[in-house]
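Keep in mind the model is a prediction, meaning the values are calculated, not measured. Only heavy atoms go into these numbers, but all of them, side chains included; no hydrogens, no water, no symmetry mates.
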Amino acid sequence: MAYTDDWESLMNGVFGPGGRFKAAPGASAPKTGGSAALPDLNAALLEQQKRLDELLKQQNAQLKTQSDATAAALESSRQMLRDMEDEGLLARGTTDVKPEHLGSFEGLAAEVRQTVLGQDAFVDSVVRAMRRPFVLGTEAPAARNVILLTGGAGTGRHFALEETARCMAARGLLQSDRIATLDLALYPNSGAEKLFLQDLYAALHAPGEILAFEHYESCYPGFLKTLSDLAVKGSAPLSSRYLVNKEGILVDAGTALAPGAVSRIDPCGKYLIFYSHKGREALADKFGAALVSALGDVCETASYTREDLAALAAQQLNALAQKIRTRLGLTLSAGADVRDYVAAQCTAQKGAAGLAECCDRIFRALSEYCLRTDETLTGTVTLTARPEGLLFRLNDGPEEPLFDLLPAAYTGALDAIRAEINELVGLAPVKEYVFGLADNLQVQQRRAAAGLKTTSLSMHMIFTGNPGTGKTTIARLVAKYLKAIGALKGGQLVEVTRADLVGRYTGHTAPLTNSVIESALGGVLFIDEAYSLYRGEQDSFGLEAIDTLVKGMEDHRNELVVILAGYTKEMETFLTANSGLASRFPNKIEFPDYTAEELLQITHVQAKNKGYRLAESCTEPLLGYYARWQAADARTAGNGRLARNTLEKAIFHQSRRLVAEPAAALDLLLPSDLELKEPEE
């Protein structure tokens with residue numbers, strides 16, 4: 001090494017080659033045994049010592065430069081890994097994994113529990129399920145493991161799996177933390193076969209080693225057989241010839257004998273994971289016992305305790321405080337009262353997701369506060385929970401309601417729909433019930449804001465009454481009204497009759513009915529003349545449609561409102577078709593027949609909408625006419641249809657009269673235009 005060479009050169013310079021002393025230039029050689037040469041020797045040693053010190057300084061400087069360069073290289077490498085994490089090329093946390101944890105499950109469950117709170121036993125079971133193939137061994141292309149993740153909504157099933165996959169990828173146990181998800185509700189009938197196979201093939205060949213399935217309850221049974229074969233047999237045969245095109249998409253080859261045809265689908269060595277709110281029994285009902293036997297693990301979440309929710313709320317508030325500091329430049333101060341307020345936002349429908357929604361509202365409200373001024377706000381914003389909601393205070397300022405900062409909800413549509421319902425003639429009991437839905441929702445929202453328990457009322461309804469009493473009109477308005485008040489996500493109205501629900505051959509009815517239900521999710525399914533679904537005990541197709549409807553209402557009770565309409569007597573018979581049918585419809589609304597005065601009012605409204613007006617002299621003839629028909633047989637008369645038909649006939653007769661009277665008013669209807677046919681006795 002250079003250091004050794006410099007030292008040898010130095011010693012040779014002092015003592016000479018072979019270790020003999022070398023005098024300084026100009027000095028005489030020392031005499032043996034004399035002391036006169038000592039001063040010269042000391043001077044030489046001091047001189048050489050200076051040279052040695054200088055060399056050591058240079059050596060240390062070189063070593064320090066190399067150390068700094070090494071540290072810089074290491075930091076640059078770590079930064080590159082962090083950048084790759086941010087860009088999704090590496091799992092988050094990869095750079096922080098301890099060397100002894102690489103390729104190991106040791107301490108993995110404890111690591112996941114640091115972020116997934118309140119579900120310790122569930123996390124342990126998920127980690128055990130993911131570890132199982134590492135212990136038992138598997139051979140591709142068979143599935144690594146088949147797992148059922150079950151539990152209530154918002155209990156952390158998805159988040160626990162995502163965090164487990166992330167930690168495994170960071171440790172090198174998975175090549176990627178990506179999870180491909182297939183929503184099986186998108187394939188409700190046999191017509192979606194090609195789409196299902198294409199999506200399944202793409203998901204199995206997507207990056208990552210985990211494939212999760214959602215909503216298997218709403219999938220066409222034939223496709224579930226394919227998934228069962230993947231899990232149980234290790235592959236699923238294809239009934240047709242398929243090819244994989246240049247884009248990697250599975251396409252139907254038809255009858256062509258093309259090389260490279262795909263005859264089966266393999267699991268590609270992935271974990272196959274099914275999400276469900278139900279357990280093994282429900283899975284067996286849909287897939288059969290073979291799939292349940294093939295399950296490697298069943299992992300079930302537990303309901304959150306009060307302590308769990310408090311910990312989750314604290315976690316959410318900590319994340320919120322960091323977000324407020326980064327985005328708004330403010331420090332958040334919140335006590336146990338705010339933590340408990342946030343924890344109370346966990347509901348049966350939303351689960352722990354309600355906590356995140358609450359914190360998001362808090363952030364948006366404070367953002368609105370900051371946006372009201374162009375000055376930079378600094379200091380501490382303090383939150384306080386009160387029975388009426390959250391209050392906030394910036395530094396030493398006054399307390400103000402927090403959520404009042406949010407823009408007022410748009411109520412134009414709601415006001416317009418309320419006005420439209422109010423303008424309907426008659427139907428006082430119907431209007432009272434519909435408006436009561438909004439009152440109940442508002443009260444439940446206030447209870448949630450106050451941290452109290454909430455309840456959701458069943459909104460399935462039965463409209464009974466004679467023809468023309470406004471059942472279909474009200475059903476359409478109810479769909480829009482429920483959307484406007486926030487009770488439904490979609491608000492669409494799907495109108496069907498028996499022909500849309502009952503199939504033409506055995507095995508066709510259930511998929512057809514399920515398809516209709518799927519199309520109405522988030523809105524209202526309105527079945528007019530619903531009694532026609534039941535034509536007696538021998539009507540197996542109709543009974544199958546009713547059974548499927550009842551089950552669909554139970555499976556999607558928070559996503560769907562079903563309204564049945566029909567004549568009163570026939571609907572009473574219809575409700576006996578299924579033992580669970582009547583209990584699904586707690587809201588039975590009778591639409592009364594219109595009075596003569598109400599029919600006259602309807603006639604005026606319809607005439608105005610068409611650009612006509614009735615002469616005052618038409619009032620008495622119409623009142624008498626309507627009264628006689630309603631007294632004779634309101635069902636046959638048609639109620640509102642009687643008013644519409646009477647007006648249309650009057651408009652027709654007026655046009656003939658105007659041909660003979662060119663100067664007459666074009667918009668005025670006279671008694672002579674009315675055709676008042678008396679009811680038969």
Side-chain angles (χ1 to χ4, degrees), residues 121-122 125-126 128-130 132-133 136 138 142-153 155 157-158 160-161 181-190 192-193 196-197 200 203-204 210-237 265-267 270-303 506-507 509-511 513-515 517-518 543-559 578-580:
F122 179 70
S125 63
V126 171
R128 184 165 54 250
M130 302 299 286
R132 187 174 300 279
L136 301 181
T138 56
R144 290 194 183 188
N145 196 4
V146 184
I147 306 168
L148 173 63
L149 301 185
T150 180
T155 51
R157 294 169 301 153
H158 298 75
L161 178 63
T181 302
L182 206 61
D183 187 351
L184 298 177
L186 299 175
Y187 321 104
N189 53 57
S190 58
E193 180 179 11
F196 167 73
L197 291 176
L200 176 61
L204 287 168
I210 301 174
L211 173 55
F213 300 98
E214 297 264 21
H215 306 126
Y216 72 81
E217 302 89 348
S218 303
C219 185
Y220 177 65
F223 305 153
L224 298 183
K225 177 64 168 58
T226 300
L227 300 181
S228 179
D229 287 343
L230 286 178
V232 177
K233 300 179 181 179
S235 67
I265 294 181
D266 298 321
K270 290 182 181 285
Y271 290 93
L272 302 182
I273 297 178
F274 294 87
Y275 287 113
S276 177
H277 296 313
K278 303 176 182 179
R280 297 174 189 262
E281 294 76 13
L283 200 71
D285 288 342
K286 283 290 187 177
F287 287 92
L291 177 64
V292 176
S293 300
L295 287 175
D297 294 87
V298 177
C299 310
E300 183 173 3
T301 56
S303 298
T506 302
T509 296
T513 303
N514 277 325
S515 177
I517 292 173
E518 291 292 335
L543 289 172
E544 184 180 6
I546 294 171
D547 293 342
T548 304
L549 176 65
V550 171
K551 187 177 185 305
M553 292 170 62
E554 177 63 25
D555 291 342
H556 305 287
R557 56 180 176 271
N558 295 321
E559 306 173 80
N578 181 291
S579 58

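For Phe287 and Tyr216, the gap between ring centers is short of 6.0 Å. In summary, the aromatic rings of Phe196 and Phe223 are positioned with their centroids under 6.0 Å apart.
Using a 3.5 Å distance cut-off with no hydrogens or angles, the side chains of Thr513 and Thr548 do not pair a donor with an acceptor. Counting only N and O atoms by type, the side chains of Thr181 and Glu214 include no donor and acceptor under 3.5 Å apart. Side-chain contact, Asn514 with Asn189: no donor N or O sits under 3.5 Å from an acceptor N or O.
Put simply, the side chain of Thr150 does not reach to within 4.5 Å of the side chain of Thr301, judged on heavy atoms. Val292 has its side chain out of reach of Val298: every pair of non-hydrogen atoms, C-beta onward, lies at least 4.5 Å apart. With contacts defined as side-chain heavy-atom distances shorter than 4.5 Å, the pair Pro188/Tyr220 does not qualify. Side-chain contact between Phe213 and Ile273 is absent, with no heavy-atom pair separated by less than 4.5 Å. By the 4.5 Å heavy-atom criterion applied to side chains, His215 and Tyr275 are not counted as neighbours. Looking at heavy atoms from C-beta onward, Tyr187 lies out of side-chain contact with Ser218 at the 4.5 angstrom threshold.
The CG atom of Asn145 sits 5.0 Å away from atom CG of Asp297, with the distance rounded to the nearest 0.5 Å. Going from atom CG of Leu149 over to atom CD of Glu300 covers 11.0 Å, rounded to the nearest 0.5 Å. A distance of 5.5 Å separates OG of Ser235 from CG of Asp266, quoted to the nearest 0.5 Å. Taking CD1 of Ile210 as the reference point, atom CG of Leu272 lies at 10.5 Å (rounded to 0.5 Å). Atom-to-atom distance recorded for Leu224:CG and Glu217:CD is 9.5 Å, nearest 0.5 angstrom. We find the CG-CD1 distance between Leu295 and Ile147 to be 9.5 Å, quoted to the nearest 0.5 Å.
Scanning all heavy atoms of the two residues, the minimum distance from Lys278 to Leu148 falls at O-CD2, 4.3 Å. Ala143 approaches Thr138 most closely through the heavy-atom pair O-CG2, 4.1 Å. The shortest non-hydrogen separation linking Ala129 to Cys299 is CB-SG, 4.3 Å. Residue Ser276 comes nearest to Arg157 through the heavy atom pair O-NH1, 3.0 Å, listed as atom of the first residue, atom of the second, then distance. When all heavy atoms of Ala231 and Leu291 are compared, the closest pair comes out as CB-CD1, 3.4 Å. Looking at every heavy atom in both residues, Ala294 comes nearest to Val146 through O-CB, 3.9 Å.
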Original post:
Between Leu549 and Asn578, does a side chain to side chain contact (heavy atoms under 4.5 Å, CB included) hold up when you go through it step by step?
Top reply: CA-CA 10 Å; Leu549 176 65; Asn578 181 291; over 6 Å; no

Original post:
Checking side chain to side chain contact (heavy atoms under 4.5 Å, CB included) for the pair Asp183/Leu186: CA distance, chi angles, key distance, verdict?
Top reply: CA-CA 6 Å; Asp183 187 351; Leu186 299 175; 4.1 Å; yes

**OP:** Please test Glu518 against His556 for side chain to side chain contact (heavy atoms under 4.5 Å, CB included), starting from the C-alpha separation and ending with a verdict.
**Re:** CA-CA 9 Å; Glu518 291 292 335; His556 305 287; 3.8 Å; yes

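Formation of a donor-acceptor pair under 3.5 Å by the Thr155 side chain with backbone atoms of Gly151 is not found in this model.
Checked for salt-bridge contact, Lys551 and Asp555 meet the test: a charged N lies under 4.0 Å from a carboxylate O.
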